[in-house]
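A short write-up of the structure that comes next.
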Amino acid sequence: MSRWTQLTGGKHGKVYAARFEALARTGEDVHGEARFCAALAPAGARVLDAGCGTGRVMIRLAELGYDCVGVDLDASMLAVAREQAPHLPWFQADLAEFEPARLGIPGDFDLVVAAGNIFPLLAPGTEAAVVARLSAALRPDGLLVAGFGLDEAHLPVPPGLTLREYDDCCAAAGLALVDRFATWDADPYDGGGYAVSVHRR
């Protein structure tokens, strides 16, 4: 069982969506992840939103002209995504077993994005398998972008995965670190409690 399921019981979709809707109403920028990804790949590129949740990032990328696919294990989150954007392709699947062909979709994505603390909230011990699956879904020279917390201030669960461990998983999956930032606004990483990492296949 994933740490996310243990935390939420798989019934958190509407609550999660409402939190970001409230932030947006206050004028808060809720599209930093999509903007970051758009700076890495041109419009029209194929993007996999791995752990897409309620679809906030993917819906924005689709609005910007990207060819997007969303995958998540949480049915309650996907229900919100499908309600908000029924025209987009949403799939329920475990990222540790993700194979595009089994879902009837092509691989060879230009970019895979894992936002929203996806890696720290996986089932413990599956991190390497998930990185390997996502790497395999990339075209040669494609990018894996992941942003996640590293300390208690940036996580809803006790910290687990370190950056070194994540980099080791990426290296084992044939991915090389391109750059690392402290935020989705591309602020330089200074060793803090949140990191956005860009790896290339």
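A donor-acceptor pair under 3.5 Å is formed between the side chain of S135 and the backbone N or O of A173. Using a distance-only test at 3.5 Å, with no hydrogens or angles considered, a donor-acceptor pair links the side chain of T162 to the main chain of E165. Looking at D72, its side chain does come within 3.5 Å of a backbone N or O of G53 through a donor-acceptor pair. Counting only distance, with no hydrogens or angles, the side chain of R200 and the backbone of A176 share no donor-acceptor pair below 3.5 Å. For W90 (side chain) and C52 (main-chain N/O), no donor-acceptor pair under 3.5 Å exists by modelled atom type.
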Side chain to side chain donor-acceptor pair (under 3.5 Å) between N117 and H154: does it pass, once the steps are laid out? CA-CA 9 Å; N117 284 323; H154 295 87; over 6 Å; no
Steps toward salt bridge (Lys or Arg N to Asp or Glu O under 4.0 Å) verdict (E99, R133): CA-CA 7 Å; E99 292 183 24; R133 294 286 185 173; 2.9 Å; yes
Could you please spell out the steps behind the salt bridge (Lys or Arg N to Asp or Glu O under 4.0 Å) verdict for R46 and D67? CA-CA 5 Å; R46 296 191 67 238; D67 181 7; 3.8 Å; yes
Residues L103, F98; criterion side chain to side chain contact (heavy atoms under 4.5 Å, CB included); working and verdict: CA-CA 9 Å; L103 300 177; F98 174 65; 3.7 Å; yes
Show your reasoning for whether salt bridge (Lys or Arg N to Asp or Glu O under 4.0 Å) applies to E33 and R60. CA-CA 9 Å; E33 300 98 327; R60 180 59 177 161; over 6 Å; no
W184/V145 under side chain to side chain contact (heavy atoms under 4.5 Å, CB included): CA gap, chis, key distance, verdict: CA-CA 10 Å; W184 290 99; V145 180; 3.6 Å; yes
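Note: T126 OG1 to F119 CZ = 9.0 Å, rounded to the nearest 0.5 Å. Interatomic distance, R201 CZ to L134 CG, rounded to the nearest 0.5 Å: 11.5 Å. Rounding to the nearest 0.5 Å gives a distance of 9.5 Å between CG of D167 and CG of L161. For the atom pair CD of Q92 and CE of M77, the computed distance is 12.5 Å after rounding to the nearest 0.5 Å. From F148, atom CZ reaches atom CD1 of I118 across 11.0 Å, with rounding to the nearest 0.5 Å.
Contact annotation: the side chain of H199 never approaches that of V131 to less than 4.5 Å [non-hydrogen atoms, C-beta and beyond]. A 4.5 Å side-chain heavy-atom check between F109 and L143 finds every atom pair outside the cut-off. Counting only heavy atoms from C-beta outward, the side chains of L61 and D49 never approach each other to under 4.5 Å. Proximity of V57 to C68: side-chain heavy atoms (C-beta onward) are nowhere separated by under 4.5 Å. Between L95 and V71 the shortest side-chain heavy-atom distance falls below 4.5 Å. Residues F91 and I105 meet the side-chain proximity criterion, which asks for heavy atoms closer than 4.5 Å. Residues S197 and L144 form no side-chain contact, since every pair of their non-hydrogen atoms from C-beta on lies 4.5 Å or further apart.
Under a hydrophobic-cluster definition in which Ile, Leu, Val, Met, Phe, Trp and Tyr are linked whenever side-chain heavy atoms come within less than 4.5 Å, directly or via other members, L78 and V112 are assigned to different clusters. In the hydrophobic clustering of ILVMFWY residues, with side-chain heavy atoms under 4.5 Å counting as a link, L155 and L163 come out apart. V196 and M58 are members of different hydrophobic clusters when ILVMFWY side chains are connected at heavy-atom separations under 4.5 Å. Under the 4.5 Å side-chain contact rule for hydrophobic residues, Y166 and L138 share a cluster. Following chains of ILVMFWY side-chain contacts shorter than 4.5 Å, one can reach L111 starting from V178, so the two form part of one hydrophobic cluster.
For G193 against D151, the heavy-atom pair with the smallest separation is CA-OD2, 3.2 Å. For the pair P100 and A137, the tightest heavy-atom approach, listed with the atom from each and the gap, is CG-CB, 4.2 Å. In plain terms, the two heavy atoms of L122 and E127 that are nearest each other are CD1-CA, 4.0 Å. In terms of heavy-atom proximity, A195 sits nearest to Y189 at CB-CE1, 3.7 Å. For the pair G55 and A81, the tightest heavy-atom approach, listed with the atom from each and the gap, is N-CB, 4.0 Å. When all heavy atoms of A129 and A96 are compared, the pair lying nearest together is CB-O, 4.3 Å.
Few gaps surround CD on E63; more than 12 heavy atoms of other groups in view lie less than 6.0 Å from it.
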